[in-house]
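This report refers to the structure that appears directly beneath it.
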Amino acid sequence: MANDRVTRLAPVVDMAQRAEREAARQLGHCQGLVGQAENKLNDLERYRADYQQQWMEEGRRGVSGQWLMNYQRFLSQLETAIGQQRQSLRWHQDNLAKAREVWQQRYARLEGLRKLVQRYLDEARLAADKREQKQLDDFAQRLSGREER
């Protein structure tokens, strides 16, 4: 009977396992996107720092008004890009948190089903052990009854 329950649960466990694997795959994908967004933000910030360092070096030599206006315009564009990349990173981090939550839920469901299946298997093994012990006891009793005659 317990084996029947295990057999009936097998497709449910398989579906839960596929869902957990897909959620884990999606989680990994989101982690990769967060890493890419972090790298891009770091690159932009490093580029800004390098550009500012270049400005300081050029400024020491003296710069024209046109050069200063171009520098300020480019720095403003760079700041905008950094701000947009920060927003992108936050968006990817939010998606990662959601993907992690989905995976945790699916993992918990799968583990719950696995524990249920194990409980059914343990119950079946215990019932089989009891039947076997009863048969051995019956056999031993019959055998001792024959010897007394």
Pairwise distance [atom1]([X]) to [atom2]([Y]) - rounded to 0.5 angstrom:
{"X": "Arg125", "Y": "Glu132", "atom1": "CZ", "atom2": "CD", "result": "13.0 Å"}
{"X": "Arg48", "Y": "Asp43", "atom1": "CZ", "atom2": "CG", "result": "13.0 Å"}
{"X": "Leu41", "Y": "Gln87", "atom1": "CG", "atom2": "CD", "result": "11.5 Å"}
{"X": "Arg100", "Y": "Gln93", "atom1": "CZ", "atom2": "CD", "result": "10.0 Å"}
{"X": "Glu111", "Y": "Gln104", "atom1": "CD", "atom2": "CD", "result": "13.0 Å"}
{"X": "Arg5", "Y": "Leu121", "atom1": "CZ", "atom2": "CG", "result": "10.0 Å"}

Cationic N near anionic O, under 4.0 Å, [X] to [Y]:
{"X": "Arg18", "Y": "Asp14", "answer": "no"}
{"X": "Arg119", "Y": "Asp122", "answer": "no"}
{"X": "Glu101", "Y": "Lys98", "answer": "no"}
{"X": "Glu38", "Y": "Arg86", "answer": "no"}

Worksheet item: Are any non-hydrogen side-chain atoms of Glu22 and Arg25 less than 4.5 angstrom apart?
Response: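 With C-beta onward as the side chain, the pair touches.
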
Practice prompt. Kindly indicate whether the side chain of Lys115, heavy atoms from C-beta on, has any atom under 4.5 Å from the side chain of Gln118.
Written response: no

Discussion item. I'd like to know whether CZ of Arg109 has more than 12 heavy-atom contacts from other residues, nucleotides or ligands below 6.0 angstrom.
Written reply: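 Counting neighbours around CZ of Arg109, 12 or fewer heavy atoms of other residues, nucleotides or ligands fall under 6.0 Å, so no.
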
Item to complete: Report the C-alpha separation of Lys134 and Asp138 in whole Å, then their side-chain angles, then the decisive distance to 0.1 Å, and conclude whether the salt bridge (Lys or Arg N to Asp or Glu O under 4.0 Å) test is met.
Response: CA-CA 6 Å; Lys134 185 176 181 343; Asp138 290 347; 3.4 Å; yes

Looking only at heavy atoms, which two atoms of [X] and [Y] are closest? And how far apart?
{"X": "His92", "Y": "Ala37", "value": "CD2-CB, 4.0 Å"}
{"X": "Leu44", "Y": "Ala81", "value": "CD1-O, 3.9 Å"}
{"X": "Leu68", "Y": "Trp55", "value": "CD1-NE1, 3.5 Å"}

Any chain of hydrophobic side-chain contacts (each under 4.5 Å) joining [X] to [Y]?
{"X": "Leu33", "Y": "Leu96", "answer": "no"}
{"X": "Met56", "Y": "Leu78", "answer": "yes"}
{"X": "Leu110", "Y": "Val117", "answer": "yes"}
{"X": "Ile82", "Y": "Trp91", "answer": "no"}

Worksheet item: Do Gln141 and Asp137 meet the criterion of a side-chain donor-acceptor pair at a distance under 3.5 Å?
Response: no

Worksheet item: Do Trp103 and Glu20 get their side chains close enough for a donor-acceptor pair, meaning under 3.5 Å?
Response: yes

Worksheet entry | Leu89, Asp94, Asn95 screened by side chain to side chain contact (heavy atoms under 4.5 Å, CB included) with Val34, the one that passes | Leu89

Practice prompt. Starting from the C-alpha separation in whole Å, work towards a yes-or-no answer on side chain to side chain contact (heavy atoms under 4.5 Å, CB included) for Ser88 and Gln85.
Written response: CA-CA 5 Å; Ser88 177; Gln85 189 57 34; 4.2 Å; yes

Item to complete: Test Gln17 against Leu113 for side chain to side chain contact (heavy atoms under 4.5 Å, CB included), laying out the working first.
Response: CA-CA 10 Å; Gln17 194 169 33; Leu113 287 168; over 6 Å; no

Worksheet entry | Test of ring centre spacing under 6.0 Å for Tyr71 and Trp67 | yes

